[in-house]
Amino acid sequence: MSLPHAILIALLEKPSSGLELTRRFDRSIGYFWSATHQQIYRELGKLEQAGFIRALPSERTARGQKKEFEVLPAGRAELTDWASREQESKPIRDALLLRLRAAAVVGRAGLDEELRRHLTLHRRQLAEYEEIESRDFGAAGDPEDRLRRLVLRAGIGLETFWVAWLDEALAEVEDMAAGGRPGE
């Protein structure tokens with residue numbers, strides 16, 4: 001996925017200013033595709049130059065006024081084309097997993113604390129996703145809501161995996177520290 005496509009998605013859902021996009025990213029798309037305020041503004045400029053979006057006409061032209069953007073037909077066509085193309089799966093790149101490999105060769109100092117910290121973070125994120133699901137996705141809803149819920153369910157599944165895996169990893173590291181052998 002690319003940031004320009006994420007922005008097109010957000011603007012098709014609701015025309016917005018750069019600031020509004022940043023806030024919406026923090027509450028939705030940002031859970032699985034993050035972007036800084038500067039990145040969003042830079043991409044808005046590129047999308048506008050490419051003819052994919054335009055600034056909505058404003059009734060007043062004041063300095064510092066927020067420009068709202070909407071997607072043009074060329075932007076919708078680009079997003080449609082992108083969404084219909086084959087997407088390659090990305091390999092996992094996670095520093096914690098790399099740290100476990102390092103611990104195997106240089107020692108486990110501090111590893112249990114780091115595993116506990118990650119476990120706390122993933123439990124918190126899982127609780128947030130579950131709260132969003134119960135608050136925003138009660139009934140089956142329209143097709144767009146069903147697809148949005150599927151994205152949320154992916155997040156719930158990933159966080160559920162991380163919580164279970166971190167529980168297992170922490171138990172293993174604690175067992176190793178106590179002198180236990182694998183499978184004991």
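The residues of the chain are indexed from 1 along the displayed sequence.
One hydrophobic cluster holds both I92 and L166 under the rule that ILVMFWY side chains link at heavy-atom gaps under 4.5 Å. Under a hydrophobic-cluster definition in which Ile, Leu, Val, Met, Phe, Trp and Tyr are linked whenever side-chain heavy atoms come within less than 4.5 Å, directly or via other members, V151 and W33 are assigned to the same cluster. The hydrophobic clustering, which links ILVMFWY residues whose side-chain heavy atoms are closer than 4.5 Å, places Y31 and L158 apart. Under the 4.5 Å side-chain contact rule for hydrophobic residues, V163 and L97 share a cluster.
Nearest heavy-atom pair across A74 and G51 is CB-O, 3.6 Å. A103 and L111 get closest at one heavy-atom pair: CB-CD2, 3.8 Å.
Once rounded to the nearest 0.5 Å, the distance linking CG of L56 with CD of E70 reads 4.5 Å. Remark: L121 CG to L126 CG distance equals 12.5 Å, nearest 0.5 Å. Rounding to the nearest 0.5 Å places CG of L11 at 7.0 Å from CD1 of I7. To the nearest 0.5 Å, atoms CZ (R76) and CG (L79) are separated by 8.0 Å. Atoms CZ and CZ, from R153 and F137 in turn, are 11.0 Å apart once rounded to the nearest 0.5 Å. Rounding to the nearest 0.5 angstrom, the gap separating the CD1 atom in I156 from the CD atom in E130 is 5.5 Å.
Using a 4.5 Å heavy-atom cutoff, the side chains of E114 and L96 are in contact. Taking the side chain as every heavy atom from C-beta outward, R24 and I29 never approach each other to under 4.5 Å. Counting heavy atoms from C-beta on, the side chains of Q125 and W162 never come closer than 4.5 Å. In this structure the side chain of F52 never reaches within 4.5 angstrom of the side chain of V71, judged on heavy atoms. Using a 4.5 Å cut-off on side-chain heavy atoms (C-beta onward), H37 and L19 make contact. The shortest distance between side-chain heavy atoms of L100 and L115 falls below 4.5 Å. Side-chain contact between F69 and L44 is present, with heavy atoms from C-beta onward closer than 4.5 Å. Taking 4.5 Å as the limit, every side-chain heavy atom of L72 sits out of range of all side-chain heavy atoms of I53.
Counting non-hydrogen atoms of other residues, nucleotides and ligands closer than 6.0 Å to CZ of R101 gives a total of 12 or fewer.
A salt bridge is defined here as a Lys NZ or Arg NE, NH1 or NH2 lying under 4.0 Å from an Asp or Glu carboxylate O, and K14 with E20 fails to meet this definition. R85 has a carboxylate O that lies under 4.0 Å from a charged side-chain N of D81, or vice versa, which qualifies the two as a salt bridge. Using a 4.0 Å cut-off between charged side-chain N and carboxylate O, R123 and E159 make no salt bridge. Note on R116 versus E174: salt bridge recorded, some NZ/NE/NH1/NH2 to OD/OE distance being below 4.0 Å. Salt-bridge formation is detected for the pair E13/R148: a Lys NZ or Arg NE/NH1/NH2 atom is positioned less than 4.0 Å from an Asp or Glu carboxylate oxygen. Using a cut-off of 4.0 Å between Lys/Arg side-chain N and Asp/Glu carboxylate O, E113 and R117 are scored as not salt-bridged.
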Show your reasoning for whether side-chain contact (heavy atoms from CB on, under 4.5 Å) applies to H122 and F161. CA-CA 9 Å; H122 284 284; F161 161 78; over 6 Å; no
Go through R54 and E48 one step at a time and tell me if the salt bridge (charged side-chain N to carboxylate O under 4.0 Å, His left out) criterion holds. CA-CA 6 Å; R54 73 174 178 133; E48 192 172 25; over 6 Å; no
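A donor-acceptor contact shorter than 3.5 Å is absent between the side chain of S28 and the backbone of F25. A donor-acceptor contact shorter than 3.5 Å is absent between the side chain of E43 and the backbone of I40.
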